[in-house]
Amino acid sequence: METSPLALATARIIVAALPDGVELGVDEVAGLLAPPPKPELGDLAFPCFRLAKALRKGPPVIATELAQALPTDGLITETRATGPYLNVRLDLGKAAPLVLSDLVRGQPATPPAREQRVMVEYSQPNTHKAFHVGHMRNVCMGDAIVRLLRADGYDVVAANYYGDVGAHIAKCMWWYLDHLDDAGREPPAEGRGEWLGEMYTRANNLLADWADAAKAGDAEAQAKLDAGRARTTDLLQKLESRHPEVAEVWDRTRQWSLDDFAEIYRWCGVEFDRAFYESEVDEPGLALVEEYLQRGIFVESEGAVGIFNEEVKHMPFFMLRKRDGTGLYATKDLALARLKFEEHAIDRSIYVVDTRQSDHFRHVFLTLHKMGFTQAERCEHVPYEVVELPSGPMSGRKGNVILFRALRERMTAHLVDNYLAKYRGQWPDEEIERTAHVVALGAIKFGMLARDVNQKIVFDMESWMAVEGDTGPYLQYSAARTNSILRKAAKADKPFDPSLLDDPQRLQAAGAALVQPEERQLILELAELSPQVHRAADKLRPSTLCTYLLGLAKAINRFSNAKQCHVLRSEGAILEGRLLLVQAAREGMRWGMGQLGIEAPERM
RNA sequence: GCUCGCAUAGCUCAGCCGGAUAGAGCAACGGUUUCCUAAACCGUAGGCCGCAGGUUCAAAUCCUGCUGCGAGCACCA
């Protein structure tokens, strides 16, 4: 749904009352309706500026006239012109069923049937390198975008693209083969990918140290550097040609990394429909380059092959084949794009990759277009800013990284020690562990998603673990409280009765009984759920949904805290209305969080 | 230098398809528990919305210029 059921119903009433000569449709009016700055003013506000020209009257006059013209015996019970705004008050007996019924049934938004297949490529981890917090932003973003698009009615293929070839692997191999003895090559039982990543870092550091010393005039270091470089180049060539000396080792170690990644994705609750590997597109990429060089689309420049995309003014040449005849990242991206188009018949292709590669993707899409792939117009890069640590940008060399395994263990341990320990003995140990997992994951996901994509994120483990304020755990807590209310209500023989939904009269009475401001505000907030999910999907901006859910959680907690809204102590229609509201809030909150990949624990 | 992004409360940010008195979290101070989870709620204090112009009935929001910060910029991925 693009607009809330309340806005839509209200807009119908307003449009019917509009004077002749005003060309505003229901959808348009619904889009203009917004909450007034203060709840005392009304439930929805209609700004009258747009009518001024057509009616040749001042907006305040129009607001006053509309306030008198609108019928107040239906959904709208009260109208008030405040300056250029027309504020309306709604009858909750009618409004509550409109908003809450679908939520309670667990189908808050019936997405339009879109006939578009969308591929979302994200994560793209390199094998033989460690997975750290910085990589999490991409995983969280990509997964949320997949979920949001699915909720919005698209057929989505979630794709990963593993970097399983390239210079970094040659460096790792160099360490593994040349610096370790047989015992040293024995992998640990767990975290073998991370273990390989350490090797890559050591190799990188050693080469960098030699380079520094050589620069300072150290002849011995220069010799070592030359030898090291020669060996890594040799290994890289052998890797690319699948030389028997390295093929078996590559295969085995690569799998260690893939196993690590699979375990991480499992912990994160992230799933892919298709895995691509750089190793499957490097050859086809070079073949494409040759083909389009023959066809005159690509050209030679200083011995290299590429294409001049003059649209990218500051750097028009997009290199696709090096002087030595080998391919680049870009080369593979072309072959991968073709594979995506042909194998999956996708209409739209989304790449979630950090913002530093914006130029690269501009080139890729321009090039695809010039190669004749019309789908290039439906390719889009979703850029996002990088994650840093309080001590500065993440750097493997400086050791300024937090590896995924350590992150997860420290967070879950902190949650158990500081919050969940009090339930020890009361809850099964297994539930405590599971809750720590869900909450730690919620904290990470929310933290990674809540900021706009072009804001840098400083990952400060201390403050994220404080789980106070605008956090994932705050959302989870609000959902857990609704659970708790429903659980206790059922225990007190006051369970929510779903047959209420099939009895319009009872339903109306239940809605009309909700007279407290906290109840009204919660209903109004819930009405925005599906429009907000649609918006986040449409703009590919999970952060906007995060902001909305914080407001919803606030409304839930205000309601839960309000003495005058106590559920267990109420009876009759009020009880029924409140149970309906809490049930809808619970389902809505869980569903909304679910679109971000955040789970709500039963209790916490 | 060129291209892109950012600049809003002490800190971190939201608001940016122009519209009511610019909001939230953290930090500070004060309050709420015989009451469904105090991981909560309420209140107080805190703002030349980077600077200067322009467009408009109306600008944090759109346009231009400037300043500061960050990123990218041919054989890395």
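By convention in this document, chain letters (A, B, ...) are assigned in the order of the sequence lines, proteins followed by strands, and residues within each chain are numbered from 1. For clarity, every value in this text was computed on a predicted model and none was experimentally measured.
Set against C41(B), C73(B), A24(B), the side chain of M315(A) has C73(B) as its closest nucleotide. Proximity note for M604(A) (side chain, C-beta onward) versus A77(B), U37(B), G72(B): the nearest is U37(B). Checking A74(B), A77(B), C2(B) against every side-chain atom of H314(A), the shortest atom distance belongs to C2(B). Nearest to the side-chain atoms of L328(A) among the listed nucleotides U21(B), A77(B), C17(B) stands A77(B). Side-chain proximity of P37(A) to the nucleotides U37(B), A20(B), C42(B) is greatest for A20(B).
Taking atom CE of residue M589(A) and atom C1' of nucleotide A40(B), one finds them 14 Å apart after rounding to whole Å. Remark: P of G15(B) and CG of L550(A) are 12 Å apart, rounded to the nearest angstrom. Taking atom NE2 of H363(A) as the reference point, atom P of C4(B) lies 13 Å away to the nearest angstrom. If you take CG of L336(A) and P of A77(B), they are 15 Å apart, rounded to a whole angstrom. A straight line from NZ of K422(A) to P of A40(B) spans 10 Å, rounded to a whole angstrom. Spacing between atom NZ of K57(A) and atom C1' of C57(B) amounts to 18 Å, rounded to whole angstrom units. Taking atom CD of E388(A) as the reference point, atom C1' of C6(B) lies 13 Å away to the nearest angstrom. Rounded to an integer number of Å, the gap from R541(A) CZ to C17(B) C1' is 14 Å.
With both ends at atom P, the span from A14(B) to G30(B) equals 31 Å, rounded to whole Å. Annotation: G5(B) and G65(B) have their P atoms spaced 13 Å apart (nearest Å). Separating the C1' atom of C48(B) from that of A60(B) is a span of 13 Å, rounded to the nearest Å.
Aromatic stacking of Y477(A) on A40(B): not satisfied for centres closer than 5.5 Å together with planes under 30 degrees.
A donor-acceptor pair under 3.5 Å is formed between the side chain of Q476(A) and the backbone N or O of V438(A). Side-chain atoms of E519(A) do not come within 3.5 Å of backbone N or O of F559(A) as any donor-acceptor pair.
Checked against the 6.0 Å centroid criterion, the rings of H360(A) and H363(A) do not qualify as a close aromatic pair. The six-membered or imidazole ring of Y351(A) lies near that of F365(A), with a centre-to-centre distance under 6.0 Å.
If R487(A) and V453(A) are placed on RNA chain B by their nearest nucleotide, the residue sitting closer to the 5' end is V453(A). Map F49(A) and I485(A) each onto its nearest nucleotide of RNA chain B; the residue landing nearer the 5' end is F49(A).
The aromatic rings of H135(A) and H132(A) sit tilted relative to each other, their planes meeting at an angle between 30° and 60°. In this pair, F298(A) and Y292(A) present their aromatic rings tilted. The plane angle is within the 30 to 60° band.
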Trace of the side-chain hydrogen bond (donor to acceptor under 3.5 Å, both in side chains) decision for N418(A) with H414(A): CA-CA 6 Å; N418(A) 291 278; H414(A) 181 273; 3.2 Å; yes
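Checked options V88(A), N87(A), L51(A); the residue passing with F46(A) is L51(A) (criterion: side-chain contact (heavy atoms from CB on, under 4.5 Å)).
One finds a side-chain N or O of R558(A) lying less than 4.0 angstrom from the OP1 or OP2 phosphate oxygen of C42(B).
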Where do N or O atoms of nucleotides 11-13 of chain B meet protein N or O atoms at under 3.5 Å, pair by pair?
unit_1: U12(B); atom_1: O2'; unit_2: R451(A); atom_2: NH1; d: 2.9
unit_1: C13(B); atom_1: OP1; unit_2: K456(A); atom_2: O; d: 3.4

